[in-house]
There are 2 protein chains.
Amino acid sequence: MRTDQRITTAMTELLRRQGYAATGIQQLAEASGAPVGSIYHHFKGGKRAVAHRALEESGAAYLELLVLLLGRYDDPVAGIEGVFADAAETIESTGWANLCPVGTVLGEVADVEPELRAAGDRVIASWIEAGTEHYERCGLSGPDARSFVYALVAGLEGAFILARAQRSREPLLAAGRVLAGSLAALLATARPG
Amino acid sequence: MRTDQRITTAMTELLRRQGYAATGIQQLAEASGAPVGSIYHHFKGGKRAVAHRALEESGAAYLELLVLLLGRYDDPVAGIEGVFADAAETIESTGWANLCPVGTVLGEVADVEPELRAAGDRVIASWIEAGTEHYERCGLSGPDARSFVYALVAGLEGAFILARAQRSREPLLAAGRVLAGSLAALLATARPG
DNA sequence: GTCTATACACAGATAGAC
DNA sequence: GTCTATCTGTGTATAGAC
């Protein structure tokens, strides 16, 4: 694997576990196997630039994953419960590590790192757009689809936090159940009968 | 105001804005007006102890606030939309600062600060318990109430992140709309007719 | 209980040999 | 493109005068 890719991947993992501020260049060097000088060679902007790349990469990966997971079932309602159940299983099996560095980092730096906030903004916008199209194809109106996707992403990110804090799958399973019910109700009114 | 209270209050504000790792003792001293030595005098455990206290205090404050806001309307569904609308207005008027230091800090330190994670766990448990009782009184079954409260708290925390990242009220308003609809559906099946 | 000075480790970043 | 040594600032924490 190329050096810059190894650095980005290591950064993603560190952001997941401990966030942006607590992650040091030295630690990144150890985790990636690349010496400090190499990091600055590949990323002129230093730590911030590496994090920027890591957010973009994670954002794109989750965009693919989300669409894949949601489309896995014929029934959209089952798809929602499936996504949350999968997340619950994964998060426990990783020892309650965060699944999404984007949410963690944005919560931490949105007020103090304009560049990273803007990168996260673009990532989230891409999720909302793709999700909205997905649920429009399922039969929801544009506004309903968009609202539901915001609730879905917010519910996922929030439930990640609760699940990690409580070391329990319950927050994810509960949020999935409620959002699945919500989608069922929206679909029922959208295509009555 | 007492010195230890000033320190705790300043820490809460700093945690909100920039999280735990990025907040230094020196910065806390400046923000609180108390010199470094006084911080260590009042909080033997240093930075971690101050953050611990700040989380407990914020948790208790939000417990009161949440119950107050939810009970403000006779109609529980209107209460949900009211909470999210209020949050949207407040978050914008503060320049997109985080409203809840608990979520931010937990996302950042859950894997690396066991003491703070445990403190946050207790705070969240207190929210879930109080919220569950509230919605049981509204007519939901115990399991439905508990699931809905998890979805509610997760939706709030997640929407805070999205709203700050996008500098938009839309995530909060959208999540509120969806969760209000979800509660309406749950109430309709709980007390038919 | 308040405040200053300081110890010691480590941060991010850079220069320059290889 | 890789790696080492190092610069400068800041981090947490403490000792001890007041």
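Excluded from the calculations below are hydrogen atoms, water molecules and symmetry mates; all remaining heavy atoms, backbone and side chain alike, are included. Naming: A, B, ... by sequence-line order, numbering from 1 per chain.
When distances run from any side-chain atom of His42(B) to the nucleotides dC3(C), dG1(C), dT2(D), the shortest one goes to dG1(C). The listed nucleotides are dC3(D), dT2(C), dG1(D); the one nearest the side chain of His41(A) is dG1(D). When distances run from any side-chain atom of Tyr40(A) to the nucleotides dG11(D), dT2(D), dT14(C), the shortest one goes to dT14(C). Of the candidates dC3(D), dC3(C), dG12(C), the closest approach to any side-chain atom of Pro35(B) belongs to dC3(C). For Lys47(A), the listed nucleotide lying nearest its side chain is dA13(C); candidates were dA13(C), dA13(D), dT2(C).
The shortest distance between the side-chain N/O atoms of Thr3(A) and the OP1/OP2 oxygens of dG1(D) is not below 4.0 Å. Close to dA11(C), at under 4.0 Å from its OP1 or OP2, lies a side-chain N or O of Gln26(A).
At whole-Å resolution of the value, CG in Asp4(B) and P in dG1(C) are 8 Å apart. Rounded to whole Å, the distance from CZ on Phe43(B) to P on dT14(D) is 16 Å. Rounded to whole angstrom, the span from the CD1 atom of Ile25(B) across to the C1' atom of dC3(C) amounts to 15 Å. Put simply, CD1 on Ile39(A) is 13 Å from C1' on dT14(C), counting in whole angstrom units. Atom C1' of nucleotide dT12(D) and atom CD of Glu113(B) are separated by 13 Å, given to the nearest angstrom. Rounded to whole angstrom, the span from the NZ atom of Lys44(B) across to the C1' atom of dG1(C) amounts to 11 Å. The CG atom of Leu14(A) sits 11 Å away from the P atom of dG12(C) (whole-angstrom rounding). Separating the CZ atom of Arg6(A) from the P atom of dG1(D) is a distance of 13 Å, rounded to the nearest angstrom.
Counting non-hydrogen atoms under 4.0 angstrom, Gly37(B) reaches a base of the nucleic acid.
The environment of Glu92(A) atom CD is dense: over 12 non-hydrogen atoms of other residues, nucleotides or ligands sit within 6.0 angstrom. Annotation for Arg48(A): atom CZ does not count as buried by contact number, only 12 or fewer foreign heavy atoms lying within 6.0 Å. The environment of CD in Glu115(B) is crowded: more than 12 heavy-atom neighbours from other residues, nucleotides or ligands sit within 6.0 Å.
A donor-acceptor pair shorter than 3.5 Å can be found between the side chains of Thr9(A) and Gln5(A).
Expressed to the nearest 0.5 Å, how far CD of Gln18(A) lies from CD of Glu13(A) amounts to 10.0 Å.
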